[in-house]
Amino acid sequence: MKIIFLALVLLNLGVLAWHFWVQPAPTATLSVSQPRDALPSEPATASADLPAANDLATAAAGCTEYGPFTDRETLAGTLSSLQQHGPRFSVTSRDVVVTDSYRVFFPPYPTAAAAQEMAARLRAAGVSDIYVVPGGKQENAVSVGVFSDRQRAAHRRQRLQKMGYEPQVEPYTHHRQTDYWIRAETARAVDLLRSTAKHGPSNRSVTDCMRVAASGAKP
């Protein structure tokens, strides 16, 4: 019995020694709650990510043009006056067809005799400035006036309508020219253009850039 008791004691001592010197101690985990005030604040957005003030003004203003100018000398003078206030401007240009006169007429008749008969009836009614076109695409048309102003041509047409006739009005002669426009792309520049337009001639105005097919010419 003593031998068995001694063996059990030695076995327990061995297990106890293995527990303290052989088995690794467990790693303790410590959870600490950080006060809300001690939490780091969110990083501030870098200023480089924000649009500059000038960029915001440009986006708000869009693209606006003032014109048209038909001669480069007047264009250069107006541009110089605007640039003295600080903002930058550019110049665009486009080629346009300008109507010089308008014709009031009756479309071509089937025969020259029919055209001459119509001309005779108009003369008898007191209409002047009658011309029968002798050839070309408008052969046998009867013209009853060519006018430099569209309003005067419309007045002639209305007079003939009161007499029971139905003439037509069409652009008659043309010429090509280059129109120039001063372009602004910032709010300050747009304001200057609008102010200039208020005191400028009636044939110039401020308009959106998309309405002008510009080629980018400079004075």
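What you see is a predicted model; the values in this text were computed from it and never measured. Below, each value reflects all heavy atoms present in this structure, side chains not excepted, and no hydrogens, waters or symmetry copies.
The distance from atom OG1 of Thr186 to atom CG of Asp191, rounded to the nearest 0.5 Å, is 8.5 Å. Separation of atoms CD (Gln161) and CE (Met163) is listed at 12.0 Å; rounding is to 0.5 Å. Thr70 contributes atom OG1, which lies 7.5 Å from atom CG of Asn203 (distance to the nearest 0.5 angstrom).
The cluster map of Ile, Leu, Val, Met, Phe, Trp and Tyr, joined by side-chain heavy atoms under 4.5 Å apart, puts Val97 and Tyr180 in different clusters.
The two residues Tyr66 and Pro201 have their closest heavy-atom pair at OH-CD, 4.2 Å. Among all heavy-atom pairs drawn from Ala153 and Tyr102, the shortest one is CB-CB, 3.9 Å. Scanning both residues, Pro167 and Leu160, for their nearest heavy atoms gives CG-CD1, 3.7 Å.
Judged as a ring-ring contact (aromatic ring centres under 6.0 Å, His included), not a single pair has a partner in residues 136-170 (not counting sequence neighbours).
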Can you give the donor-acceptor pairs under 3.5 Å from side chains of residues 114-136 to other protein atoms, not counting sequence neighbours?
none

Atom pairs and distances, side-chain donor-acceptor, residues 78-89, under 3.5 Å, sequence neighbours left out:
residue, atom, partner, partner atom, Å
Thr78, OG1, Thr74, O, 3.0

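No hydrogens or angles considered: nothing links the side chains of Ser148 and Ser101 as a donor-acceptor pair under 3.5 Å. Checking Glu65 against Thr92 by side-chain atom types alone, a donor-acceptor pair falls below 3.5 Å.
In this structure, the side chains of Arg94 and Thr178 stay at 4.5 Å or more apart for every pair of heavy atoms. Between Arg194 and Thr196 the shortest side-chain heavy-atom distance does not fall below 4.5 Å. Looking only at side-chain heavy atoms (C-beta outward), Arg159 and Arg156 come within less than 4.5 Å of each other. Val142 is listed as a side-chain neighbour of Tyr109, based on a closest heavy-atom distance under 4.5 Å. Looking only at side-chain heavy atoms (C-beta outward), Phe106 and Val144 come within less than 4.5 Å of each other. Side-chain contact check for Tyr172 versus Asp100: every heavy-atom pair is 4.5 Å or farther apart. Val96 is listed as a side-chain neighbour of Gln177, based on a closest heavy-atom distance under 4.5 Å. Side-chain contact between Glu139 and Lys137 is absent, with no heavy-atom pair separated by less than 4.5 Å.
The backbone N or O of Pro68 lies less than 3.5 Å from a partner atom in the side chain of Arg204, making a donor-acceptor pair. Formation of a donor-acceptor pair under 3.5 Å by the Arg183 side chain with backbone atoms of Ser90 is not found in this model.
By the salt bridge (Lys or Arg N to Asp or Glu O under 4.0 Å) test, Glu73 pairs with no residue at all, sequence neighbours left out. For Ser205, there are no side chain to side chain donor-acceptor pair (under 3.5 Å) partners, not counting sequence neighbours. Here His199 pairs with nothing under the side chain to side chain donor-acceptor pair (under 3.5 Å) rule; sequence neighbours left out.
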Query - Test side-chain contact (heavy atoms from CB on, under 4.5 Å) applied to Thr64 and Asp208, step by step - result: CA-CA 5 Å; Thr64 301; Asp208 187 88; 5.7 Å; no

Report task. Would you check, one step at a time, whether the test side-chain contact (heavy atoms from CB on, under 4.5 Å) holds for Arg103 with Val169? Result -> CA-CA 6 Å; Arg103 181 178 70 150; Val169 177; over 6 Å; no

